[in-house]
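Chain identifiers are assigned alphabetically (A, B, ...) following the order of the sequence lines, protein sequences preceding nucleic acid strands; residue numbering begins at 1 within each chain.
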Number of protein chains: 2
Amino acid sequence: MTQFWGTHQNRRDAKGRVSVPAQFRAALRALGDGEATLVLRPSHKHSCIEAWPQSLFQELETPLGRLDQFSDPHDDLALTLYADAYPVEPDKEGRIILPESLAAFAGLGETVVFMGLGRTFQIWEPAAAEQRRAEARVRARELTLAGIGAGTAGGKA
Amino acid sequence: MTQFWGTHQNRRDAKGRVSVPAQFRAALRALGDGEATLVLRPSHKHSCIEAWPQSLFQELETPLGRLDQFSDPHDDLALTLYADAYPVEPDKEGRIILPESLAAFAGLGETVVFMGLGRTFQIWEPAAAEQRRAEARVRARELTLAGIGAGTAGGKA
DNA sequence: TGGGGTTTCATGGAATATCATGGGCGGATA
DNA sequence: TATCCGCCCATGATATTCCATGAAACCCCA
């Protein structure tokens with residue numbers, strides 16, 4: 001059920017194209033989202049680009065329907081969801097073009113990092129990605145010391 | 001119920017492939033995890049690679065479902081679970097290739113050590129493995145003396 | 001109990017397929 | 001008509017698959 005694993009590094013060419021890691025492409029194919037397989041949007045927490053499979057992104061839209069169409073919350077949600085989101089479809093070689101505004105937002109240079117997050121993935125500038133991972137590792141460890149850690153799994157007396 | 005026993009030494013060839021010890025392979029087969037039988041990830045306690053049977057790893061994922069999808073803890077956990085984890089499937093000869101980032105993390109050279117931990121196993125650089133075992137022996141002994149272990153079990157190793 | 005035969009493993013290398021990346025062509029647009 | 005953007009092909013690098021070999025463990029039988 002989980003789809004996006006691991007961390008991968010690729011490069012943008014002169015035209016701003018990047019190959020989506022083959023593994024991720026396979027996962028997308030498995031989802032069978034035909035047109036515009038991906039939705040890209042800036043993360044609201046970090047300097048990175050979030051990549052959502054089209055079908056999963058649509059699930060985010062459902063709360064919209066429950067809000068009064070003319071209410072402020074509706075407008076706010078709709079705006080954050082759509083205004084900065086870009087649908088992209090990999091070309092025949094599996095590459096996508098990162099919109100300039102998103103690339104700038106994430107501070108991307110030539111090489112970019114794809115980080116799998118299970119059902120979605122993120123696109124980072126390499127150094128920022130490394131920093132973020134270190135940070136998350138520490139915090140997740142506090143969260144679930146009981147759960148993760150083969151040290152404890154096997155070691156369980 | 002316990003599956004991975006003992007310590008085994010194997011070599012990585014020029015392409016970074018290592019044979020999974022035959023005993024471990026048999027254990028995996030018994031589990032019947034078809035696709036991507038193993039999940040590799042860095043240990044957060046030690047400089048080694050943790051290897052989880054796919055089905056067992058899925059149990060780690062369950063806490064995710066209980067967290068708010070947009071919360072920080074969810075993000076941190078998802079990132080540590082997936083961004084550093086790599087699913088691998090042994091080839092026909094029973095070998096796996098260790099992702100470069102993980103090999104570097106564990107400081108692996110040519111020969112690597114597989115240590116059984118019951119339901120999971122770990123992959124170590126030989127010297128580090130030896131040190132770790134010595135350390136564990138001492139601590140386990142303290143446990144035994146404290147009255148946990150069966151008196152007989154403590155004996156012959 | 002020792003020897004011979006057989007099987008299983010770990011390991012090496014070669015052939016093949018996949019992938020990432022670069023460049024060129026043509027059509028659409030202003 | 002000039003420029004930009006998307007489409008297609010070419011290529012080197014990398015991973016995957018397949019087959020081959022030597023060594024060790026195991027088993028069976030004398």
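Residue L81(B) comes nearest to L60(B) through the heavy atom pair CD1-O, 3.8 Å, listed as atom of the first residue, atom of the second, then distance. Between R11(A) and T111(A), the shortest heavy-atom contact is CG-CG2, 3.7 Å. When all heavy atoms are compared, the tightest approach of W124(B) to A129(B) is CB-CB, 3.5 Å.
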Kindly indicate, with the supporting measurements, whether the criterion ring-ring contact (aromatic ring centres under 6.0 Å, His included) is fulfilled by W52(A) and F4(A). CA-CA 11 Å; W52(A) 295 73; F4(A) 302 107; over 10 Å; no

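As rounded to whole Å, 15 Å separates atom C1' of dT11(C) from atom CZ of R12(B). The distance between atom CD1 of I96(A) and atom C1' of dC7(D), rounded to the nearest whole Å, is 17 Å. Distance H8(B) NE2 to dT8(C) P: 18 Å, rounded to the nearest Å. One atom, CD of Q9(A), and another, P of dA20(C), lie 13 Å apart when rounded to the nearest Å. Between the CD atom of E100(A) and the P atom of dC4(D) there is a distance of 14 Å, given to the nearest Å.
Contact annotation for R25(B): backbone-only contact, meaning every heavy-atom pair under 4.0 Å involves sugar-phosphate atoms and none involves a base.
Salt bridge present: R41(B) and E50(B) bring a charged side-chain N and a carboxylate O closer than 4.0 Å.
Put simply, the side chain of K45(A) reaches to within 4.5 Å of the side chain of D72(B), judged on heavy atoms.
The side chain of P21(A) approaches dA20(C) more closely than any other nucleotide in the set dA20(C), dT11(C), dC9(C).
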Annotated protein contacts, base or backbone, on nucleotides 9-17 of chain D with a non-hydrogen cut-off under 4.0 Å, one of B, S, - each: B------BB

